[in-house]
S.K.: 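Next up is a structure, given as structure tokens.
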2 protein chains.
Amino acid sequence: MVTIYDIAAKANVSAMTVSRVINNTGRISEKTKAKVKKVMEEMNYVPNQMARSLVLQQTRILFLLITDITNPFYTTLSRGAEDAATKNGYRLLFGNSDENLEKEAGYMNTILTTRVDGVLIAPTGDPSLPHLEQLRLHNIPFVLLDREVPGIECDIVLGDSKEGARQLVDQLASQGHQHIALVNGSSSVSSARMRRLGYEEALKLNGLPLHEERVFETSFGPRSDLTELDAWISSLDPMPSAIVAGNNVLAVEVIGLLRKRGLRIPDDISIVCFDDFGPYSEIDPFITVVAQQAYQFGYMGMQMLIDRIQNREDAGPWKKIVLPAELVVRSSVKRLLD
Amino acid sequence: MVTIYDIAAKANVSAMTVSRVINNTGRISEKTKAKVKKVMEEMNYVPNQMARSLVLQQTRILFLLITDITNPFYTTLSRGAEDAATKNGYRLLFGNSDENLEKEAGYMNTILTTRVDGVLIAPTGDPSLPHLEQLRLHNIPFVLLDREVPGIECDIVLGDSKEGARQLVDQLASQGHQHIALVNGSSSVSSARMRRLGYEEALKLNGLPLHEERVFETSFGPRSDLTELDAWISSLDPMPSAIVAGNNVLAVEVIGLLRKRGLRIPDDISIVCFDDFGPYSEIDPFITVVAQQAYQFGYMGMQMLIDRIQNREDAGPWKKIVLPAELVVRSSVKRLLD
DNA sequence: TTGTATGCGTTATCAG
DNA sequence: CTGATAACGCATACAA
């Protein structure tokens, strides 16, 4: 490995001079600067970030941990975070926890040992608390995305899950639906809790009864095994006229299962869900959704994180951004009235 | 920051003993081992990977650089790579070059300065050559994904693009299509070149004429501005009865544009493409595609990379894996015969 | 404008 | 079984 000493020797200067040329600090004669630069080229020198970070105590690297790299919500969010990071001269590394606490723990380890400057994280759920406490303990700035975690105060970007769920149910009710089921994420995830709350409130406001057995809670992430989900659908009696899905992944899986039963959407059963389908909304935009501003989640979250990093001490109070969700009416809901 | 010296002091041992406990090397009495471990717990010690890498000259971190985090092909591939890395005890970091050579250069910098142990990379195209030469020069093992780069010999996982394109055209021809256009990725991307070759060969084999103006080359990545693509569609005269898209992104964009013109698929125009839609194939599987084994791209590529890393010296010849693509016939092609 | 000494946190080597 | 010392590659503080 070529070090500053190697190039210093070849350029007949001290290592410090090389270091100064690299970082453009101090005053150096144009002549030696040119010479050093030439030697660096010749020897294909690449600074060692490890060594540099060790002395500087900072990496200029930020980390984004998402829970499902397969979900357009998160990939779009990632693009937003990436853009904001790049704009501010930071590098961004990605991790994918796969809605799995153990994998998240693995990434926490990388984050901690690798001493990144800050973390943007969509936690897998409430059990992520210890992970966040670790970050706090080690003084690593972080911003939460999409999900609150009870027990920790911090900067956060949220969607208006309750209101969104309410809109979804209202939309169904307005078309005359009375039997509305809910497939949702785990109750250990704040957004799932809020969506359920919105669902329940909206039922009440529309004068519809709440049936516990019409609510099914599972993971927001894709399942390798759909039998449980399918069993729940089988258990529904009577079959609801509409289903609300807690996110796009669940919607897609449920639609697949329904079709396997020969049910057509929306003729036989209606469905609506949280989150849009990214580019794929384009090709067959038939599902009515509450679309979140995924890109903004990432972009604004990253902004907050960088603010926090750059103003370390005079930080100011924790900030909370709540992004509105927008109802996009398409054609997955059957009109039952008239 | 808590260092091994801090915990050494508190545990009344030397730093070396602490290091040995951490790494489970050398012989240490159970008693001191236990004591050290307890102190580490108490002080919330986290090893500094920077310092460690500096002396060990390795990170146990691998890097995966994809070109479009928004594309299910790459996200599925990522899952495969991740699984293989984890299984072998490596951590995996992701980067997204966005089909952009400059962004790729940025990640090359991170990769080089951060001294990861190996890289799995889907290059943006032939111009990526200098980047790969950098890796080679700095002795960083890498495996190419999905795209060849003329001028560099290395391990690689490819799809059978030519054969896939041929299948797509054959499928159209077998349904009676004679005017078949192609929207493709840039000719500086090997997979795009092979797909075009397959398209042209298949036309010839089916006795169909080749019209240059029916082929449009652009980026495989999503466009922020669709006017050029739209202009090409306008320029088509006569309108082809079918379009082959070089990948799923292009297919989606073209379908959007066609629909804006009031054209229905497949009634007014047929379309087929490379790559499936991941989970979204599930909800509206109407597009006939040649599906690639995305997960295997990542999994097998990662295996090759780790092999290469662990057998540094007695490496063996470069390996090339060609994954077959499978035609999945759905309902985006109109039957023109009979 | 340039150079010397020192330390960042860890591990390898060699000594005890 | 344990410890002292040097080294990894770089930048800060201070000298010259």
Side-chain angles (χ1 to χ4, degrees), chain A residues 1-37 39-40 43-61 109-117 138-140, chain B residues 1-37 39-40 43-61 109-117 138-140:
Chain A
M1 169 178 303
V2 181
T3 74
I4 53 173
Y5 284 93
D6 297 323
I7 91 122
K10 198 159 180 180
N12 280 319
V13 294
S14 76
M16 251 335 280
T17 303
V18 178
S19 172
R20 285 196 260 263
V21 171
I22 295 170
N23 298 292
N24 229 326
T25 63
R27 259 151 259 300
I28 315 191
S29 74
E30 284 306 321
K31 204 177 61 185
T32 58
K33 188 183 285 187
K35 185 172 58 179
V36 169
K37 278 191 173 166
V39 178
M40 292 202 304
M43 303 189 73
N44 294 302
Y45 171 74
V46 174
N48 185 322
Q49 183 63 36
M50 301 295 168
R52 189 181 263 168
S53 306
L54 195 55
V55 37
L56 290 183
Q57 302 283 27
Q58 62 149 352
T59 57
R60 300 287 299 177
I61 291 181
N109 199 286
T110 325
I111 287 166
L112 252 31
T113 61
T114 215
R115 303 292 199 273
V116 297
D117 288 357
H138 290 281
N139 241 315
I140 301 183
Chain B
M1 170 178 302
V2 181
T3 76
I4 54 173
Y5 281 92
D6 298 324
I7 92 122
K10 197 157 180 181
N12 281 318
V13 295
S14 76
M16 252 335 280
T17 303
V18 177
S19 173
R20 289 195 180 98
V21 172
I22 294 170
N23 299 292
N24 230 327
T25 63
R27 260 150 259 301
I28 314 192
S29 74
E30 283 305 322
K31 205 176 59 183
T32 59
K33 188 183 287 188
K35 185 171 57 179
V36 169
K37 278 191 172 164
V39 177
M40 291 202 304
M43 303 189 73
N44 295 301
Y45 172 74
V46 174
N48 185 323
Q49 183 63 36
M50 301 294 168
R52 188 181 267 167
S53 306
L54 194 56
V55 38
L56 291 182
Q57 303 284 26
Q58 63 149 353
T59 58
R60 300 287 297 175
I61 292 181
N109 198 286
T110 325
I111 288 167
L112 252 31
T113 60
T114 215
R115 304 291 199 274
V116 297
D117 288 357
H138 291 281
N139 240 316
I140 301 184

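Sequence lines set the chain letters: A, B, ... in the order given, protein chains first and strands last, and positions in each chain run from 1.
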S.K.: Can you check side-chain contact (heavy atoms from CB on, under 4.5 Å) on Thr59(A) and Met50(B), steps first, answer last?
M.R.: CA-CA 10 Å; Thr59(A) 57; Met50(B) 301 294 168; 3.6 Å; yes
S.K.: Check the distance between dG7(C)'s C1' and Leu54(B)'s CG and give it to me in whole angstrom.
M.R.: 12 Å
S.K.: Any base atoms under 4.0 Å from Met1(B), or only sugar-phosphate, or nothing? Heavy atoms, all strands.
M.R.: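 Touches sugar-phosphate only.
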S.K.: Could you tell me how far apart Lys33(A) (NZ) and dT2(C) (C1') are, to the nearest whole angstrom?
M.R.: 14 Å
S.K.: With side-chain contact (heavy atoms from CB on, under 4.5 Å) as the test, would you mind laying out the steps for Thr32(B) and Arg20(B) before giving the verdict?
M.R.: CA-CA 11 Å; Thr32(B) 59; Arg20(B) 289 195 180 98; over 6 Å; no
S.K.: Ignoring hydrogens and geometry, is there a side-chain-to-backbone donor-acceptor pair from Lys33(A) to Ile28(A) under 3.5 Å?
M.R.: no
S.K.: For Tyr45(B) and Thr3(B), work out which heavy atoms get closest and say how close.
M.R.: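 Result for this residue pair: CE1-C, 3.9 Å.
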S.K.: Does Gln57(B) have a side-chain nitrogen or oxygen under 4.0 Å from the phosphate oxygens OP1 or OP2 of dT11(C)?
M.R.: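 Indeed not, no polar side-chain atom of Gln57(B) lies that close.
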S.K.: Hey, can you pull the residues of residues 15-32 of chain A with a non-hydrogen atom under 4.0 angstrom from DNA chain D?
M.R.: Met16(A), Ser19(A), Asn23(A)
S.K.: Please report, rounded to the nearest Å, how far the P atom of dT11(C) is from the CZ atom of Arg60(B).
M.R.: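 Rounded to the whole Å, the gap is 15 Å.
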S.K.: Just how far, in rounded Å, is P of dG9(C) from CE of Met40(B)?
M.R.: 17 Å
S.K.: Determine: side-chain N/O of Tyr5(A) to OP1/OP2 of dG3(C), distance under 4.0 Å, yes or no.
M.R.: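 False: Tyr5(A) side-chain N/O out of range (4.0 Å or more) of dG3(C) OP1/OP2.
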S.K.: Separation of Ile4(B) atom CD1 from dC8(D) atom C1', in whole Å?
M.R.: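 From Ile4(B) CD1 to dC8(D) C1': 14 Å.
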S.K.: If I compare all heavy atoms of Arg115(A) with all of Leu112(A), which pair ends up nearest, and what's the gap?
M.R.: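 Scanning both residues completely, I find the closest heavy atoms to be NH1-O, 2.6 Å.
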S.K.: To the nearest Å, give me how far apart CZ (Arg52(A)) and C1' (dG9(C)) are.
M.R.: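 The answer, rounded to whole Å, is 18 Å.
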S.K.: Would you find a donor on one side and an acceptor on the other, under 3.5 Å apart, between the side chain of Thr114(A) and the backbone of Val116(A)?
M.R.: no
S.K.: Expressed in angstrom and rounded to an integer, what is the separation of Gln58(A) atom CD from dG9(C) atom C1'?
M.R.: 17 Å
S.K.: Please state how far atom CG in Asp6(B) lies from atom C1' in dG7(C), giving the value in whole angstrom units.
M.R.: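 That distance rounds to 14 Å.
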S.K.: Give a yes/no on whether any side-chain N or O of Thr3(B) is located under 4.0 angstrom from OP1 or OP2 of dG9(C).
M.R.: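 Result: no.
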S.K.: Report the C-alpha separation of Met40(B) and Val36(B) in whole Å, then their side-chain angles, then the decisive distance to 0.1 Å, and conclude whether the side-chain contact (heavy atoms from CB on, under 4.5 Å) test is met.
M.R.: CA-CA 6 Å; Met40(B) 291 202 304; Val36(B) 169; 4.2 Å; yes
S.K.: Which of these nucleotides, dG3(D), dA11(D), dT10(C), is closest to any side-chain atom of Val13(B)?
M.R.: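 Taking heavy atoms from C-beta onward, the closest nucleotide is dG3(D).
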